Peer 1: 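First, the structure itself, so that you have it in front of you.
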There are 2 protein chains.
Amino acid sequence: MTQEKRRVLPTREQLRVWRDYIETAEVLRVLLAGRLQSEASLSSGDYQVLLALSEAEHRRLRSSTLASQIGWERSRLSHHLGRMEQRGLVRRAVCADDVHGIDVIMTESGAETFRAATVPHLRAVRELFVDALTDSHLSQVEEVTNALRRHLALEPGN
Amino acid sequence: MTQEKRRVLPTREQLRVWRDYIETAEVLRVLLAGRLQSEASLSSGDYQVLLALSEAEHRRLRSSTLASQIGWERSRLSHHLGRMEQRGLVRRAVCADDVHGIDVIMTESGAETFRAATVPHLRAVRELFVDALTDSHLSQVEEVTNALRRHLALEPGN
């Protein structure tokens, strides 16, 4: 491999590390989603929405804020919220201060479903991720993730 | 938090590391998929299929082997291959040695599309992932990923 190419493309070794990294994260995502569905009848999308609302003041967020917080296109979020509204997990209301804005509010039933899902979900995170790693591994994950987030100009961890 | 709960559930700190880890990997996956689509008109599913075939002997794999190699359900793979076949990227044929088996073969056009996609894709991996990390970071990613893969009983890295 020429010097020029080496500067532009990853080495075989770097590529192997990349492929294992992204594949392993994907396996974890799929396993966690399966547990959430079987243990709490929630999709991982439902859980992301409910988690964001559970952390918001009065369990209420502007839909545009919610979309950017969970990283979804607004049209995808709107379709998803329609289905969650039919199941009684959230409701939508026009903002008091802006006739064009829509607020998303977690219902009491949504809050109850989220609470019931939380312990099984956290247990799955513990079993599949935390139990695999020593404290030193966890510090390494944190350091590397922070480097990636700085590089991608993402918000610092919450 | 009681001693009992601490054993079962992750700590707030462990949970923060987990959320940053899985969210960052997801952001990388979405950014890479966007680059692949805009630079090579391939979905990340197309790329996974073509990558596996490009590494197979005679660019040919049993569809069941391909499904397990990329971690997809067989029905999902079958639908996806139908669309790739229409675009001339792959073709399917009955196995010579087993009337019930189907082989998937990368066409010359598929191989050409894959070759054209490879350099832009590797450049994106370099820019978004490798450039963010020092050599020491890369070793940390490798160590942590290996610990996760052992825990999840995944095959060792390829």
Side-chain angles (χ1 to χ4, degrees), chain A residues 5 7-11 13-32 44 48 51 70-71 118-119 121-152 154-158, chain B residues 5 7-11 13-32 44 48 51 70-71 118-119 121-152 154-158:
Chain A
K5 263 182 123 176
R7 275 208 300 279
V8 175
L9 301 183
T11 64
E13 178 62 18
Q14 289 166 341
L15 199 59
R16 191 182 56 70
V17 172
W18 157 255
R19 281 173 63 173
D20 279 353
Y21 164 82
I22 203 71
E23 184 191 307
T24 305
E26 176 67 8
V27 168
L28 279 168
R29 201 185 59 74
V30 169
L31 288 174
L32 262 291
S44 55
Q48 278 181 274
L51 176 62
I70 65 179
T118 295
V119 167
H121 180 64
L122 294 184
R123 192 185 301 131
V125 169
R126 170 102 211 189
E127 288 172 12
L128 295 172
F129 181 76
V130 178
D131 283 353
L133 303 174
T134 63
D135 286 350
S136 152
H137 283 148
L138 277 170
S139 302
Q140 292 178 339
V141 175
E142 185 173 24
E143 188 179 334
V144 166
T145 302
N146 285 343
L148 288 167
R149 296 179 76 87
R150 278 194 301 276
H151 185 71
L152 300 171
L154 298 173
E155 295 293 310
N158 40 29
Chain B
K5 263 181 123 176
R7 276 208 299 279
V8 176
L9 301 183
T11 63
E13 178 61 18
Q14 290 167 339
L15 199 59
R16 190 182 56 71
V17 173
W18 157 255
R19 279 173 65 173
D20 279 352
Y21 164 81
I22 203 71
E23 183 191 307
T24 305
E26 176 67 9
V27 168
L28 280 167
R29 201 184 59 74
V30 169
L31 288 173
L32 262 292
S44 55
Q48 277 180 276
L51 176 62
I70 65 179
T118 295
V119 167
H121 180 64
L122 294 183
R123 192 184 301 128
V125 169
R126 171 101 209 188
E127 289 173 12
L128 296 171
F129 181 75
V130 178
D131 283 353
L133 304 174
T134 62
D135 287 350
S136 153
H137 283 147
L138 277 170
S139 302
Q140 291 178 340
V141 175
E142 186 174 22
E143 187 180 334
V144 166
T145 302
N146 285 343
L148 288 168
R149 295 179 77 86
R150 277 194 302 274
H151 185 70
L152 301 171
L154 299 173
E155 295 293 309
N158 40 30

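Basis for what follows: all heavy atoms, side chains included, without hydrogens, waters or symmetry-related copies. Letters A, B, ... mirror the listed sequences (proteins, then strands); counts begin at 1. Owing to the predicted nature of the structure, the values given are computational and were not obtained by experimental measurement.
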Peer 1: Going by atom types alone, do A:H121 and A:T118 pair a side-chain donor with an acceptor below 3.5 Å?
Peer 2: no
Peer 1: Nearest heavy-atom pair of B:A147 and A:A132: which atoms, and what distance?
Peer 2: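 Scanning both residues completely, I find the closest heavy atoms to be CB-O, 3.9 Å.
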Peer 1: Can you tell which of B:R150, B:E127, B:H137 has the highest number of heavy-atom pairs within less than 4.5 Å of chain A?
Peer 2: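 That would be B:H137.
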Peer 1: Flag the one option from B:E26, B:R29, B:E143 with the top tally of heavy-atom pairs under 4.5 Å to chain A.
Peer 2: B:E143
Peer 1: What part of A:L148 gets within 4.5 angstrom of chain B, counting heavy atoms only: side chain, backbone, both, or neither?
Peer 2: both
Peer 1: Against chain B, label A:L51 side chain, backbone, both or neither, depending on which of its atoms sit under 4.5 Å from a heavy atom there.
Peer 2: side chain
Peer 1: Could you tell me which portion of B:L152 (side chain, backbone, both or neither) has an atom closer than 4.5 angstrom to a non-hydrogen atom of chain A?
Peer 2: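 Side chain only.
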Peer 1: Kindly give the heavy-atom pair with the smallest separation between B:L9 and A:L122, and that separation in Å.
Peer 2: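 Closest approach of B:L9 to A:L122: CD2-CB, 3.8 Å.
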Peer 1: Taking every non-hydrogen pair under 4.5 Å, which of B:L15, B:L133, B:T24 racks up the most with chain A?
Peer 2: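 Result: the option with the highest number of such pairs is B:T24.
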Peer 1: What residue in B:L31, B:T134, B:T145, B:L32 has the most heavy-atom pairs under 4.5 Å with chain A?
Peer 2: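 With the most close heavy-atom pairs to chain A, the winner is B:T145.
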Peer 1: Are any of the side-chain heavy atoms of B:R16 and B:R19 separated by less than 4.5 Å?
Peer 2: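 Side-chain contact under 4.5 Å: no.
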Peer 1: State, with a plain yes or no, whether a side-chain heavy atom of B:D131 is found less than 4.5 Å away from one of B:R126.
Peer 2: yes
Peer 1: Pick one of side chain, backbone, both or neither for A:V30, based on which atoms fall under 4.5 Å of a heavy atom in chain B.
Peer 2: neither
Peer 1: If I measure from the heavy atoms of chain B, does A:I22 come under 4.5 Å with its side chain, its backbone, both, or neither?
Peer 2: side chain
Peer 1: Rounded to the nearest 0.5 Å, what's the gap from CG on A:L154 to CD on B:E23? Could you check?
Peer 2: 7.0 Å
Peer 1: Contact between A:W18 and B:V130 at the side-chain level, heavy atoms closer than 4.5 Å - yes or no?
Peer 2: no
